[in-house]
Amino acid sequence: YRLLISSLILSTLSLQAIAETAKSPYSLTVGGGVGFGPRFPGSKKTQFGVGPLLDFQHESGFFASTRRGLGWGGGDEDFSFSLALAARGERSDKARKVLGFGGGGSELTGMGKVPASALGVFSVGGRVANLVELGATLELPLSHRENGRALHLSAGVPLLQTKEDTVTLSGALHVGDGKYLRTYFGVTQQQS
């Protein structure tokens, strides 16, 4: 693996409304978040955008989530794990924006389209000293394996926490294998 720091999210604000009852076998989180970061991995241009949050969790461990994909997991507030099917979005050489976030740019003209990948996603996370939240997520492509594997490490500290809302300061480090780096950051002779 080669080390790549593709983005540091300076701050993420996440407001969550949780619909949960004591007798219910499931929980449903509905909300949204705002973020700031590069327009696409490796871009010098930054952007600010919003995104939806939907997360269904059954007591059996089954979940369907805009953040985690479709899968199964378990744990508690101090340690969690999950196995999921998810997708890595495509990258285009044309500028596009969805909810304020771009998936390409004119500076990628001639680089071609990187197709979306179906992923197997393995995650673990935990809380240290009841304050810092740490996480690791491994992405293994199930389709378009030439797009490569990636590992995402994260840390977050809650700045404000109430029964209804949480404001968190977080950062992330992304590591990719050679295929991942060539796909998203390499330039072939033909592209050059």
Please walk me through it: do His58 and Phe63 pass side chain to side chain contact (heavy atoms under 4.5 Å, CB included)? CA-CA 6 Å; His58 191 269; Phe63 62 83; over 6 Å; no
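- The CZ atom of Arg182 sits 11.0 Å away from atom CD of Glu146, with the distance rounded to the nearest 0.5 Å.
- Using a 4.5 Å heavy-atom cutoff, the side chains of Leu140 and Phe122 are in contact.
- The cluster map of Ile, Leu, Val, Met, Phe, Trp and Tyr, joined by side-chain heavy atoms under 4.5 Å apart, puts Leu142 and Tyr180 in different clusters.
- Using a 4.5 Å heavy-atom cutoff, the side chains of Leu153 and Leu151 are in contact.
- For Asn147 (side chain) and Val114 (main-chain N/O), no donor-acceptor pair under 3.5 Å exists by modelled atom type.
- Among residues two or more places apart in sequence or in another chain, the ring pair (Phe, Tyr, Trp, His ring centres under 6.0 Å) test is passed with Phe56 by Tyr26.
- Hydrophobic clustering, with ILVMFWY side chains joined whenever heavy atoms are under 4.5 angstrom apart, groups Leu131 together with Leu134.
- The minimum heavy-atom distance between Ala64 and Leu70, with the atom names listed, is CB-CD1, 4.0 Å.
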For a quick test of your reading: what N or O donor-acceptor pairs under 3.5 Å do the side chains of residues 76-86 make, sequence neighbours left out?
from	atom 1	to	atom 2	distance (Å)
Asp76	OD1	Asp78	N	2.8
Asp76	OD1	Phe79	N	3.0

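- At least one side-chain heavy atom of Tyr184 sits less than 4.5 Å from a side-chain heavy atom of Arg88.
- Residues Leu173 and Val157 do not share a hydrophobic cluster, clusters being chains of Ile/Leu/Val/Met/Phe/Trp/Tyr side chains in contact below 4.5 Å.
- The minimum heavy-atom distance linking Thr66 with Leu53 is given by the pair OG1-CA, 3.6 Å.
- Heavy atoms only, all atoms of each residue included: Pro115 and His144 are closest at CG-ND1, 3.5 Å.
- Contact between Ser143 and Ala116 at its shortest, heavy atoms only, is OG-O, 4.3 Å.
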Show the numbers, then the answer: is there a salt bridge (Lys or Arg N to Asp or Glu O under 4.0 Å) between Glu139 and Arg149? CA-CA 6 Å; Glu139 294 180 357; Arg149 298 170 292 191; over 6 Å; no
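- The pair Arg127-Glu133 meets the salt-bridge criterion, since a charged nitrogen lies less than 4.0 angstrom from a carboxylate oxygen.
- When all heavy atoms of Ser65 and Asp55 are compared, the pair lying nearest together is OG-OD2, 2.8 Å.
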